[in-house]
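Quick note on labels: first sequence line is chain A, next is B, and so on, each numbered from 1. Note: hydrogens, waters and symmetry copies are ignored here, and every other heavy atom, side chains too, is used.
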Amino acid sequence: MSDRYRHAEIEPKWQAAWDEQGLYDTAEIPGKPKWYALTMLPYTSGDLHTGHWYAMTPSDAAARFRRMSGFNVFFPIGFDAFGLPAENAAIQNNVHPQEWTYDNVERMQGQLRRMGAMWAWDREAVSCDPEYYKWSQWFFLRLYEMGLAYREFAPVDWCPKCNTTLAREQVWGEDRHCERCNTPVIKKDLNQWKFRITNYTEELLDDLDKIDWPEPVKIMQTNWIGRSDGAQVTFLTEEGDPIEIFTTRPDTLWGATFMVLAPEHPLVDKITTAEQRGAVDDCVEQAARLDEIARTAEDKEKTGVFTGGYAINPVNGERIPVWVADYVLMGYGTGAIMAVPGHDERDFEFAKKHELPIVLVVQPPPDSEAGHVRSADDLESAWPGDGVMINSGPINGAAVGKEEGQSVKAAIAWLEENDKGTGAVNYRLRDWLISRQRMWGTPIPMIHCASCGTVPVPYADLPVRLPDDAQFKPTGESPLNYHEGFRYVKCPQCGGGAERETDTMDTFMCSSWYQYAYVDPYHKAGQPLAANDMPWDSGRGSYWLPVDQYTGGIEHATMHLLYTRFFTKALRDMGVVDFDEPMLRLFNQGIILGPDGERMSKSRGNVVNPDDYVDRYGADTVRGYLMFIGPWEHGGPWDPSAIEGVSRFLYRVWGVVLDAPSPNGSAASAAADDIRSLERKLHQTILKVSEDFGSFRFNTAIAAMMEFNNHLIRVKDAFTGPNAGDEQTAIWQESVRALLLMMAPVFPHISEELWQRLAAGAETASVHLQEWPQADPQKAKEDEITVVVQVNGRVRDKLMVAPNTASDDLETKALASNNVQRWTDGKQIRKVVVVPDKLVNIVIG
RNA sequence: GGGUCGGUGGCGGAAUGGCAGACGCAGCGGACUUAAAAUCCGCCGGGUUGAAACCCGUGUGGGUUCGAAUCCCACCCGACCUACCA
């Protein structure tokens with residue numbers, strides 16, 4: 001009666017059937033608990049690779065498990081559709097980026113369907129759709145009104161190959177290269193739009209405590225925000241110009257023997273004396289030319305030049321020289337530092353090289369490796385560590401430290417009393433630069449008018465559409481710049497001639513709010529917008545939001561995951577959402593590697609194409625194999641032969657379910673022990689699989705299902721099969737049904753097929769609409785358990801006993817064992833450790 | 001330089017204070033077959049061994065404990081992140 005398992009027939013069949021039934025359509029059901037499960041949206045690259053399968057199919061399994069566990073689950077999908085590759089393809093192939101993008105979307109939709117995931121296609125959103133980006137523009141205008149979007153003329157990171165500015169987060173590595181094309185970036189002075197993410201710095205730090213996110217992501221965000229506590233101190237030049245500095249060690253102010261300005265510091269020009277002018281100009285010019293590429297090279301010597309000018313140390317009136325050096329960065333703090341060579345390694349190196357004075361203001365503890373140091377002359381390197389303050393006037397004798405009563409607090413108190421400075425906090429986080437000088441992005445809805453200045457596009461005029469007829473030339477310049485119809489407009493305020501902003505938005509803008517777009521995509525399509533609109537249906541929003549479970553790679557820790565948190569806080573302040581955090585839980589999956597254990601890459605030739613394997617084994621097998629490799633968060637290598645194991649498992653399930661024990665079979669009736677052991681194994685498996693699915697441990701869940709299936713195969717012949725009403729038939733059928741239910745999240749097609757075949761013609765709802773099987777912990781309990789008997793920690797015997805056997809009994813039985821007596825004979829028993837239901841350890845000696 | 005995670009059979013991994021190696025891959029032996037594939041059965045860390053018993057074994061060295069892959073300290077190796085941050 002059983003035909004073979006043919007994935008190529010059943011998978012497309014069920015995908016079409018589910019589609020037709022609307023099995024995964026979205027419905028807000030008041031009163032039913034909701035679960036918003038989200039996996040990071042794919043970019044429209046045109047191909048769904050193994051990495052997508054690795055990220056998405058376990059997310060789908062987890063979502064399906066929630067659904068079967070009684071939640072109304074929303075698992076949407078969409079596309080991150082703006083970005084540079086579309087534009088490059090446009091230049092190369094002379095097609096509009098839109099055409100390229102939508103071709104890719106279509107292709108990827110097909111690939112996504114082949115996964116057999118429970119995508120809520122009815123809420124799909126594509127970020128390059130004008131009905132999508134009109135809301136990105138709407139958000140921009142609202143942020144502008146709130147003072148959270150602003151334009152600034154400032155030096156920015158510029159990628160000469162991509163011809164665009166980059167956010168700080170998109171500049172990577174020691175050589176500061178472009179995240180996308182690896183070209184080293186350069187600095188450019190440009191007018192740029194930014195979002196004031198720094199308004200939320202403290203909240204972004206504090207609210208990490210409110211969310212269930214992996215610790216590494218929290219640590220990375222914390223480090224990225226980079227809070228430092230210290231003091232802001234004002235030095236004055238001899239001419240009386242103030243130089244603000246930030247320091248985390250205000251207690252070492254008395255040891256400051258010189259100052260260093262960043263080459264870009266505004267005071268450099270003024271403070272430089274005539275005789276130093278040439279040298280300083282050279283230094284500044286060189287720094288500008290090298291930019292930060294060479295400046296950050298690791299072993300680079302600290303180069304710098306004396307300006308000829310002097311400043312007064314405000315704590316002791318000392319006259320100290322002011323230098324210019326490229327190791328001080330304009331982008332951090334105030335762009336100027338006080339140098340304390342005795343207690344800062346960089347300052348020490350610099351002082352040694354340029355023969356600047358060093359003063360010891362911290363006496364290192366006698367028992368430290370610098371215990372012998374009595375004066376600066378004894379120092380072989382800076383002493384940044386503990387000790388006691390010396391040569392420091394009012395704070396002499398204070399213990400070095402940041403705690404109450406220690407040196408740092410004492411110094412700040414003194415500075416504040418004497419009006420020389422204040423306690424201050426400094427952050428590494430910069431505002432988010434969102435301007436991109438590219439065409440394929442959301443146009444920034446702003447207009448530059450000669451008489452009115454920068455004027456926002458009125459809400460009712462949104463969206464500002466990208467032109468369909470833009471010309472793509474390999475000039476590197478945005479086509480929007482030379483598209484006259486786009487660029488030249490009337491000023492909305494005075495009606496005079498004006499120019500449209502031609503910068504577009506960073507694509508991280510689109511992904512900062514896509515989880516909201518999914519709830520009600522393209523809201524108010526075709527209708528004019530107003531400032532007091534809601535960007536989605538508020539009923540739908542309040543039902544689904546925020547996201548309950550987010551899954552994605554850790555590579556977005558300081559980019560997307562920080563931006564979307566900021567965005568949500570800004571949306572809260574504009575009254576659009578009423579919560580503080582967009583995603584309550586986050587899980588980071590690992591990276592799927594090539595068979596050689598290296599990252600998959602075309603150049604390495606180790607790319608595994610999932611489509612090939614889906615053709616050969618079916619989507620269920622590929623899904624199951626990806627989840628079986630190992631813990632999801634670890635990632636790991638794709639082993640082309642190991643997938644066989646999962647494939648065989650499915651064939652065996654097929655066989656054991658359909659070739660069930662037959663009433664005509666000649667086999668003897670199952671013994672009571674067999675029945676009881678199957679029932680026990682069933683409930684143990686349900687317990688294990690439920691627990692593992694709830695915590696994303698798919699590998700061990702699948703192993704448990706395999707074990708259970710192996711058990712079914714082993715005992716099958718002992719069961720005589722369907723005789724309505726008898727116990728063994730009931731347990732067997734319950735086992736098979738439960739196995740299919742447990743398999744459904746990971747293997748949605750085969751479990752549906754077998755579920756429907758078991759129903760044998762009866763009207764049966766999809767396996768995916770069934771309730772998750774419930775385990776009975778009583779039935780899962782063992783009748784007899786093995787208690788290990790150890791002598792001095794080494795296993796010497798095993799006892800088979802009933803659960804909860806009393807400790808005394810266990811001890812007696814253990815001591816009576818022949819195997820044990822062989823080891824204890826003639827020895828003194830010093831102690832017996834009994835752990836009920838586990839072991840007995842007899843300590844002799 | 002700083003931070004985080006990790007290191008267990010030939011391989012992916014399981015076990016997170018109590019029988020190390022579940023589950024699977026590969027390998028070996030057998031059944032079926034004219035043969036092969038598929039399938040099924042058995043073996044599968046090392047030493048020793050006919051077998052059992054025993055000994056060794058979770059990167060290295062120490063420690064805590066009746067008992068350590070698991071906890072603590074030091075070190076070695078690898079992956080990822082970050083980096084002149086004042």
Note to self: At less than 4.0 Å, is any side-chain N or O atom of A:Arg652 found next to OP1 or OP2 of B:C40? Yes or no.
What the structure shows: yes

Next item on the list: Please measure how far the C1' atom in B:G12 lies from the corresponding atom in B:G61, and state the result in whole Å.
Entry: 30 Å

Check: Is any N or O donor-acceptor pair between the side chain of A:Lys798 and the base of B:C19 shorter than 3.5 Å?
Finding: yes

Next item on the list: Measure from the side-chain N and O atoms of A:Trp654 to the backbone N and O of A:Arg6, and report whether any donor-acceptor pair falls under 3.5 Å.
Entry: no

For residues 681-694 of chain A, tabulate all N or O donor-acceptor pairs below 3.5 Å that involve a side-chain atom, not counting sequence neighbours.
| from | atom 1 | to | atom 2 | distance (Å) |
| --- | --- | --- | --- | --- |
| A:Lys681 | NZ | A:Glu707 | OE1 | 3.1 |
| A:His683 | ND1 | A:Asp776 | N | 2.9 |
| A:Gln684 | NE2 | A:Ala780 | O | 3.0 |
| A:Gln684 | NE2 | A:Glu782 | OE2 | 2.9 |
| A:Thr685 | OG1 | A:Lys681 | O | 2.7 |
| A:Lys688 | NZ | A:Asp692 | OD2 | 3.3 |
| A:Ser690 | OG | A:Ile686 | O | 2.6 |
| A:Ser690 | OG | A:Trp772 | NE1 | 2.8 |
| A:Asp692 | OD1 | A:Arg697 | NE | 3.4 |
| A:Asp692 | OD1 | A:Arg697 | NH2 | 3.3 |
| A:Asp692 | OD2 | A:Thr700 | OG1 | 2.7 |
| A:Asp692 | OD2 | A:Ala701 | N | 3.3 |

Note to self: By the rule that syn is within 90° of 0, classify the base conformation of B:G9 as syn or anti.
What the structure shows: syn

Item checked: Integer-rounded Å distance: B:G24 P and A:Tyr617 OH -> 16 Å

Checklist line | Quiz item: cation-pi between A:Arg428 and A:Trp224, 6.0 Å / 45° | finding: yes

Check: Given B:A22, is OP1 or OP2 found less than 4.0 Å from the side-chain N or O atoms of A:Asn710?
Finding: no

Check: Is the distance from OP1 or OP2 of B:C40 to the nearest side-chain N or O of A:Arg648 less than 4.0 Å?
Finding: no

Next item on the list: Assign A:Arg796 to base, sugar-phosphate, or nothing according to its heavy-atom contacts below 4.0 angstrom with the strands shown.
Entry: sugar-phosphate

Note to self: I'd like to know if the side chain of A:Gln589 reaches the main chain of A:Gly552, judged simply by a donor and an acceptor atom lying under 3.5 Å from each other, with no hydrogens or angles considered.
What the structure shows: yes

Check: Roughly how many Å is it from CG in A:Asn841 to P in B:C66, rounded to a whole number?
Finding: 10 Å

Next item on the list: Using Watson-Crick or G-U wobble pairs with both distances under 3.5 Å, give me RNA chain B in dot-bracket, 5' to 3', with [ ] for crossers and | for pairs to another strand.
Entry: (((((((..(((.....[....))).(((((.......))))).(((......)))..(((((..]....))))))))))))....

